[in-house]
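Sequential numbering from 1 along the given sequence is applied to the chain's residues. Values below: every heavy atom of this structure, side chains too, minus hydrogens, waters and symmetry copies.
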Amino acid sequence: MSDNRRRPIDWWERRILEKNGCRSADWSRVRICDGTDLNAIRNVEFVGAVSIGLTGGEHGALIENVRLENVIIANHATIRNIHNRISNCKIGIHARIENVGTIEFEPEATCGVGTDVCVLDETGSRSVTIYPGLSVQTAMLMARMPKWKERHFSPILEEYIENFDVRHEIGEHSVVENTGTLRNVVVGREVHVSGAKSLTDGMIINNAAPGRSLARVGTGVDAANFIIEDGVADSGAIIRNCYIGQGAIIEKGFTAHDSLFFANCSLENGEACALFAGPYTVSMHKSTLLIGCQTSFMNAGSGTNQSNHMYKLGPVHWGILERGVKTSSASYLMLGAKIGAFSLLMGQHKTHPDSSQFPFSYLFGDEKGATVVVPGAMLRSCGLLRDQQKWPTRDRRLKRKLPMHDRIIFDVLNPTTVDKMLSASVVIEKLLSMPPDDDRYLRYKGMKFTRAALERAKYLYALAIFKYLHTRLGDEPFPDKEDNSFSEWVDLGGLPLTRETLQHALEADSIESMEAIFDKAYYNYSQLEKSWISSRFEEKWHKSPEVVAEYSSEFDRMIEEDRARYLEDLNAQNEMLAL
């Protein structure tokens with residue numbers, strides 16, 4: 001018989017255990033192996049079927065001061081000072097559990113898998129069903145296309161979740177210490193749970209290579225109905241009905257319910273409610289509330305706030321902050337609204353603006369809550385390209401050899417933003433042909449523009465478009481048209497893809513095939529982008545490489561001038577503040 005094979009205990013082994021303060025109503029259901037050091041098992045109450053692997057020896061594994069109910073313990077696990085009990089689970093090799101209140105599993109517990117998260121519209125009409133391996137792309141389809149989910153995707157999802165193997169276990173090499181209650185919570189391989197207050201109905205999953213785990217739950221965390229996958233919840237975070245994805249960190253007292261947080265989000269101090277936080281959404285201030293909106297690459301200033309409840313039909317209003325939106329301190333947005341990519345939102349906005357046609361804009365709220373738009377103004381900022389450069393370097397998923405669920409294209413200038421600038425240029429021409437109103441503003445879709453801002457936007461958009469062409473084409477001549485039609489592109493949670501690709505994903509007959517379509521779109525992005533360039537741009541953009549390069553250089557000079565002004569102002573401030 002090998003040291004690892006489990007067997008019933010002999011009468012004399014029972015005597016040793018009883019001498020060590022152990023007890024059981026039915027010793028026949030307690031199993032050990034030949035290598036189990038009985039002197040490393042002290043003050044243990046055995047209830048039901050309990051199986052114990054190797055203890056003691058060079059690893060010093062021990063089990064003491066604990067009530068075990070229907071538990072399988074792998075080799076070299078350490079369990080001590082459990083105030084209540086551990087029940088109905090498996091404990092992995094080299095796991096360590098110390099100073100814990102209760103760890104228990106109900107027989108049919110799904111541990112967070114299949115939880116419906118009511119993002120955007122809090123009434124649940126746009127719920128996202130969470131499961132391990134959920135990508136931001138698939139989640140966005142569920143949230144944004146509820147009829148498709150109901151009619152096509154729900155049967156696929158139900159079958160997937162029904163067949164999902166939820167193993168009630170504390171994984172190998174994991175640590176659970178100084179923690180209150182874990183009820184129906186799977187703790188994955190090498191996951192560290194330390195100081196949590198209460199965890200109920202959830203999973204903490206580590207997909208990283210051995211020794212490179214990112215998944216962690218820290219001090220004071222109170223979470224229920226959740227999945228944390230290669231992410232972190234720490235320092236007093238309160239979480240209800242949430243998915244926290246790869247590289248995401250929720251900490252410093254942040255509270256969230258019915259929200260999704262995808263790759264590399266970082267949220268502290270504030271509050272989220274029905275938030276769809278796409279990759280790199282950042283909020284760090286106590287007074288900030290993100291509610292009923294979709295974001296990605298967002299930075300929320302202090303006091304950022306939205307309204308989704310206007311006391312008529314309940315909290316049914318929601319909105320979209322497209323890629324790269326920043327909000328200033330004390331900004332307010334009445335939902336529904338749609339804010340264009342890489343825009344800066346300042347002041348109070350109460351007229352449900354849709355600025356999606358005008359990316360890279362400044363949006364000011366006037367004294368009546370109307371939105372004044374300065375299109376393209378963000379293109380002059382040296383911080384814009386800095387953001388593009390810093391995001392990849394801040395990817396916490398890197399160097400951990402984990403399968404990355406969220407596909408991210410970091411380009412600020414990409415087919416979705418460039419297409420909007422091309423369309424905006426046409427709209428601007430039409431607006432400039434119209435007379436202004438009595439207050440000297442031109443109005444469009446409830447927004448206000450000055451003639452000077454529109455004239456400037458024409459120039460800024462043109463520079464940015466040529467900068468994009470120069471970046472993609474270099475010294476190559478403008479490509480010949482492949483056909484007379486061009487594909488519309490959409491930004492799906494950080495992945496720009498064609499409308500045709502999106503349609504293929506919507507028609508997929510399994511989650512695996514859908515994710516494979518997103519993978520293909522990610523890896524073929526550059527090729528598809530060049531095909532789009534050849535068909536999308538009108539003749540007036542077909543300049544020689546030398547002319548395109550000159551426009552691109554002018555764009556770069558504008559950025560460098562802004563950088564120089566910024567550094568000059570910064571130096572002046574430092575001199576003013578010097579001792």
**Fill in**
dist C89:SG -> L68:CG (nearest 0.5 Å) comes out at 9.0 Å
**Message:** Classify the ring geometry of F164 against Y160: parallel below 30°, tilted from 30° to 60°, perpendicular beyond 60°.
**Reply:** tilted
**Request:** Begin from the C-alpha positions of K149 and T129 and carry the test side-chain contact (heavy atoms from CB on, under 4.5 Å) through to its verdict.
**Result:** CA-CA 10 Å; K149 181 191 176 188; T129 305; 3.1 Å; yes
**Prompt:** Could R407 and D519 be called an ion pair, given the rule that one side-chain N must be under 4.0 Å from one carboxylate O?
**Reply:** yes
**Prompt:** Does the distance from a Lys or Arg side-chain N to an Asp or Glu carboxylate O, for D222 and R240, drop under 4.0 Å?
**Reply:** yes
**Prompt:** Between CG of L289 and CG of N308, what distance do you get to the nearest 0.5 Å?
**Reply:** 8.0 Å
**Item:** Contact check, side chains of L267 and L290, non-hydrogen atoms, under 4.5 Å
**Value:** yes
**Request:** Please test I82 against I97 for side-chain contact (heavy atoms from CB on, under 4.5 Å), starting from the C-alpha separation and ending with a verdict.
**Result:** CA-CA 8 Å; I82 309 303; I97 306 173; 3.7 Å; yes
**Item:** M404 atom CE, neighbour heavy-atom count above 12 within 6.0 Å
**Value:** yes
**Item:** side chain to side chain donor-acceptor pair (under 3.5 Å) assessment of T281 paired with T295
**Value:** CA-CA 7 Å; T281 296; T295 65; 2.8 Å; yes
**Prompt:** What about F276 and F262, are their ring centers closer than 6.0 Å?
**Reply:** yes
**Request:** May I ask you to check whether over 12 heavy atoms, not counting those of R212, lie within 6.0 Å of atom CZ?
**Result:** yes
**Prompt:** Under 6.0 Å from the CD atom of E162, do we count more than 12 heavy atoms belonging to anything else shown?
**Reply:** no
**Item:** Check: F358 ring centroid to F449 ring centroid under 6.0 Å
**Value:** yes
**Prompt:** So, E488 and R499, do they make that salt bridge, N to O below 4.0 Å?
**Reply:** yes
**Request:** Output the distance between atom CZ (R67) and atom OG (S87), rounded to the nearest 0.5 Å.
**Result:** 9.0 Å
**Request:** Specify the closest pair of heavy atoms between G446 and T351, including all atoms of both residues, with the distance to one decimal.
**Result:** O-OG1, 4.1 Å
**Interatomic distance, S361 atom OG to K420 atom NZ [nearest 0.5 angstrom]** = 11.0 Å
**Prompt:** Does N264 reach the side chain of R397, with side-chain heavy atoms less than 4.5 Å apart?
**Reply:** yes
**Item:** Pair E172 + R189, salt bridge at N-O below 4.0 Å
**Value:** no
**Prompt:** Is it the case that more than 12 heavy atoms not belonging to E500 sit under 6.0 Å from its CD atom?
**Reply:** yes
**Prompt:** ring-ring contact (aromatic ring centres under 6.0 Å, His included) between F410 and Y280: does it pass, once the steps are laid out?
**Reply:** CA-CA 10 Å; F410 294 102; Y280 291 90; 5.8 Å; yes
**Message:** Can you tell whether the side chains of D121 and R126 come within less than 4.0 Å, N to carboxylate O?
**Reply:** no
**Asked** What distance separates I238 CD1 from K197 NZ, expressed to the nearest 0.5 Å?
**Response** 7.0 Å
**Asked** What orientation do F153 and W148 show, parallel under 30°, tilted 30 to 60°, or perpendicular over 60°?
**Response** parallel
**Prompt:** Got a sec: does the OH of Y522 have more than 12 other heavy atoms crowding it under 6.0 Å?
**Reply:** no
**Request:** Any chance you could lay out the salt bridge (charged side-chain N to carboxylate O under 4.0 Å, His left out) test for D366 and K448, step after step, and finish with the verdict?
**Result:** CA-CA 10 Å; D366 69 10; K448 298 162 63 175; 2.9 Å; yes
**Asked** For A274 and S259, which heavy atoms make the closest approach, and how far apart are they?
**Response** N-OG, 3.4 Å
**Asked** Quick one: NZ on K286 to CG on N269, what's the gap to the nearest 0.5 Å?
**Response** 6.0 Å
**Prompt:** Can you list the steps and then say if F226 with V185 is a side-chain contact (heavy atoms from CB on, under 4.5 Å)?
**Reply:** CA-CA 9 Å; F226 66 94; V185 174; 4.2 Å; yes
**Request:** Search all heavy atoms of V232 against all heavy atoms of L214 and return the closest pair with its distance.
**Result:** CG2-O, 3.4 Å
**Fill in**
Between S194 and the options E177, E98, R216, the side chain to side chain donor-acceptor pair (under 3.5 Å) test singles out E177
